[in-house]
**Student:** 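I'd like to ask some things about the structure below.
Keep in mind it's a predicted model, so treat the numbers as computed, not measured. So you know, we letter chains A, B, ... as the sequences are listed, proteins then strands, and number each from 1.
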Number of protein chains: 2
Amino acid sequence: MTALSSIEKLCVERGMKMTGQRRIIAQVLSDSNDHPNVDEVYSRASNIDSKISIATVYRTVRLFEEAGLLEKHDFGGNSARYEEATDDHHDHLINVKNEEVIEFRNDEIEVLQRKIAEEKGLKLIGHRLELYGIPIGDDEKGQ
Amino acid sequence: MTALSSIEKLCVERGMKMTGQRRIIAQVLSDSNDHPNVDEVYSRASNIDSKISIATVYRTVRLFEEAGLLEKHDFGGNSARYEEATDDHHDHLINVKNEEVIEFRNDEIEVLQRKIAEEKGLKLIGHRLELYGIPIGDDEKGQ
DNA sequence: TTAACTGCAAACATTTTGCAACCGT
DNA sequence: ACGGTTGCAAAATGTTTGCAGTTAA
């Protein structure tokens with residue numbers, strides 16, 4: 001018997017019906033350290049079960065996201081990308097030269113954000129902070 | 001002769017060929033104080049010239065954006081929304097109860113962002129900061 | 001057993017594009 | 001006159017959905 005992935009464990013706790021496809025997708029996502037989009041999840045899942053359907057991947061990542069197991073991002077504006085939801089909040093710094101996503105956390109910024117919202121009479125319930133950068137030095141010699 | 005809209009003025013300065021459609025779209029965008037999406041720009045432009053095509057609106061906002069005259073946002077993740085680019089940078093605070101977009105500027109956050117990128121060896125070339133909030137008090141009585 | 005899930009293909013929404021006609025300079 | 005621009009409809013892209021068959025519990 002294979003060990004349960006961290007996402008599958010949470011699915012079980014929530015009483016979700018666990019099919020073979022969901023188990024595979026849960027595993028793929030738990031094993032990912034990057035921020036794959038649906039196509040990437042689909043291709044990784046296909047390596048395990050080649051007859052999984054992309055519609056199932058879409059339905060499943062949505063299900064997981066709605067259950068709070070995944071976070072959905074839309075860096076760049078093309079396809080949505082996913083990562084396992086964890087208790088530790090972080091934002092993202094994207095190296096636009098190679099699409100690499102670096103996670104970071106800055107409490108000073110968090111505090112300022114809450115203050116800004118309050119000044120406008122709003123209670124902060126969410127935010128999106130993405131930084132886009134290029135390797136230092138790369139800008140001097142153009143593209 | 002009608003006064004040139006601020007966007008049209010910049011188009012002329014850049015030597016763009018100014019057609020009737022472009023003039024109308026420039027005017028619509030200059031006159032907008034909100035952040036319309038392509039459909040909204042299209043419908044406002046249609047009120048002036050009912051036979052303008054949505055493909056032209058798409059082509060034109062892209063042209064303007066690439067010329068640095070417009071800023072493109074994708075709040076929410078549905079369709080892209082546009083606003084006239086101005087010299088004063090700002091970010092957005094969205095009241096999720098009514099979709100209202102409040103602009104704000106916070107230099108402290110800007111400085112911190114640059115610092116974070118540099119710590120990871122990147123030069124900051126852009127960022128996206130959106131805050132989402134609800135009116136203070138609304139959260140106590142649920143939805 | 002049976003309600004929920006899957007695969008497939010079709011539908012969808014947004015955006016882009018090929019092409020012939022058109023227009024600004 | 002000519003090259004860029006437009007309108008139309010078709011294509012492309014990412015995502016959702018209807019339906020008939022399958023499966024977990």
Side-chain angles (χ1 to χ4, degrees), chain A residues 1-2 4 7-9 11-28 35-43 45-46 48-67 69-82 99, chain B residues 1-2 4 7-9 11-29 35-43 45-46 48-67 69-82:
Chain A
M1 67 193 69
T2 317
L4 267 59
I7 291 176
E8 182 177 353
K9 210 171 301 181
C11 290
V12 171
E13 280 175 27
R14 276 151 225 240
M16 291 181 189
K17 184 195 270 193
M18 289 312 289
T19 63
Q21 293 90 332
R22 289 187 179 173
R23 250 187 281 276
I24 289 170
I25 294 167
Q27 165 136 57
V28 162
H35 301 70
N37 62 18
V38 167
D39 257 353
E40 285 162 343
V41 175
Y42 173 55
S43 89
S46 297
I48 306 177
D49 172 4
S50 64
K51 53 194 165 334
I52 212 162
S53 144
I54 194 156
T56 297
V57 179
Y58 272 106
R59 280 188 280 234
T60 304
V61 294
R62 206 225 271 202
L63 176 79
F64 288 175
E65 194 217 337
E66 285 169 355
L69 276 37
L70 289 184
E71 278 179 22
K72 181 181 184 174
H73 303 287
D74 63 320
F75 309 138
N78 306 323
S79 52
R81 295 171 65 170
Y82 293 86
E99 290 271 285
Chain B
M1 69 192 70
T2 316
L4 268 60
I7 290 176
E8 182 177 354
K9 210 171 300 181
C11 290
V12 171
E13 280 176 25
R14 276 150 225 240
M16 292 181 188
K17 184 194 274 193
M18 288 314 288
T19 65
Q21 293 90 330
R22 288 186 180 175
R23 250 187 282 275
I24 289 170
I25 294 166
Q27 166 137 53
V28 162
L29 287 162
H35 302 69
N37 62 19
V38 167
D39 256 353
E40 285 161 341
V41 174
Y42 174 55
S43 89
S46 298
I48 305 176
D49 172 3
S50 64
K51 49 195 167 338
I52 212 162
S53 142
I54 194 157
T56 297
V57 178
Y58 272 106
R59 281 188 278 233
T60 305
V61 295
R62 206 224 273 200
L63 176 79
F64 288 174
E65 195 217 336
E66 285 169 354
L69 275 37
L70 290 183
E71 279 179 21
K72 180 180 187 175
H73 303 289
D74 63 322
F75 308 139
N78 307 320
S79 51
R81 296 171 65 171
Y82 293 86

**Student:** Kindly point out which of C:dT6, D:dC8, C:dT15 is positioned nearest to the side chain of B:S53?
**Tutor:** D:dC8

**Student:** For the backbone of B:I52 and the side chain of B:T56, can you confirm whether one donor and one acceptor N or O come within less than 3.5 Å of each other?
**Tutor:** no

**Student:** Could you check how far CG of A:N37 sits from C1' of D:dT15, rounded to whole Å?
**Tutor:** 12 Å

**Student:** Please round to the nearest 0.5 Å and tell me the distance separating atom NZ of A:K72 and atom CD of A:E66.
**Tutor:** 9.0 Å

**Student:** Could you state the interatomic distance from CG (A:D74) to OH (A:Y82), rounded to the nearest 0.5 Å?
**Tutor:** 9.5 Å

**Student:** Rounded to whole Å, how long is the line connecting atom OH of A:Y58 with atom C1' of C:dC5?
**Tutor:** 19 Å

**Student:** Expressed as a whole number of angstroms, how long is the span from B:I54:CD1 to D:dC8:C1'?
**Tutor:** 13 Å

**Student:** Are the side chain of A:R81 and the backbone of A:N37 linked by a donor-acceptor contact shorter than 3.5 Å?
**Tutor:** no

**Student:** Of the candidate nucleotides C:dT6, D:dG7, C:dT15, which contains the atom at the shortest distance from the side chain of B:A80?
**Tutor:** C:dT15

**Student:** I need the full list of salt bridge (charged side-chain N to carboxylate O under 4.0 Å, His left out) pairs touching residues 14-23 of chain A, with sequence neighbours left out, sorted by first then second residue.
**Tutor:** A:E8-A:R23

**Student:** Is a donor on one side and an acceptor on the other found under 3.5 Å between the side chain of B:S50 and the backbone of B:S46?
**Tutor:** no

**Student:** Just the rounded figure in Å: distance from P of C:dA13 to CG of A:D74.
**Tutor:** 19 Å

**Student:** Are any of A:R81's side-chain N or O atoms less than 4.0 Å away from OP1 or OP2 of D:dG14?
**Tutor:** no

**Student:** How many whole angstroms separate atom OH of A:Y42 from atom P of D:dG14?
**Tutor:** 14 Å

**Student:** What's the verdict on side-chain contact (heavy atoms from CB on, under 4.5 Å) for B:F64 and B:C11, showing C-alpha distance, side-chain angles and the deciding distance?
**Tutor:** CA-CA 8 Å; B:F64 288 174; B:C11 290; 3.5 Å; yes

**Student:** Report yes if at least one side-chain N or O of B:R62 is closer than 4.0 Å to OP1 or OP2 of C:dT15; otherwise report no.
**Tutor:** no

**Student:** Which part of the nucleic acid, if any, lies within contact of B:I52, taking any heavy atom under 4.0 Å across all strands shown: a base, the sugar-phosphate backbone alone, or nothing?
**Tutor:** sugar-phosphate

**Student:** Round to a whole Å and report the spacing from NZ of B:K51 to C1' of C:dC22.
**Tutor:** 13 Å

**Student:** Just by protein heavy atoms under 4.0 Å, how would nucleotides 18-25 of chain D read 5' to 3' in B, S and -?
**Tutor:** B-----BS

**Student:** Rounding to a whole Å, what distance do you find between A:H73:NE2 and D:dG14:P?
**Tutor:** 19 Å

**Student:** How many whole angstroms separate atom CZ of B:R22 from atom P of C:dT25?
**Tutor:** 10 Å

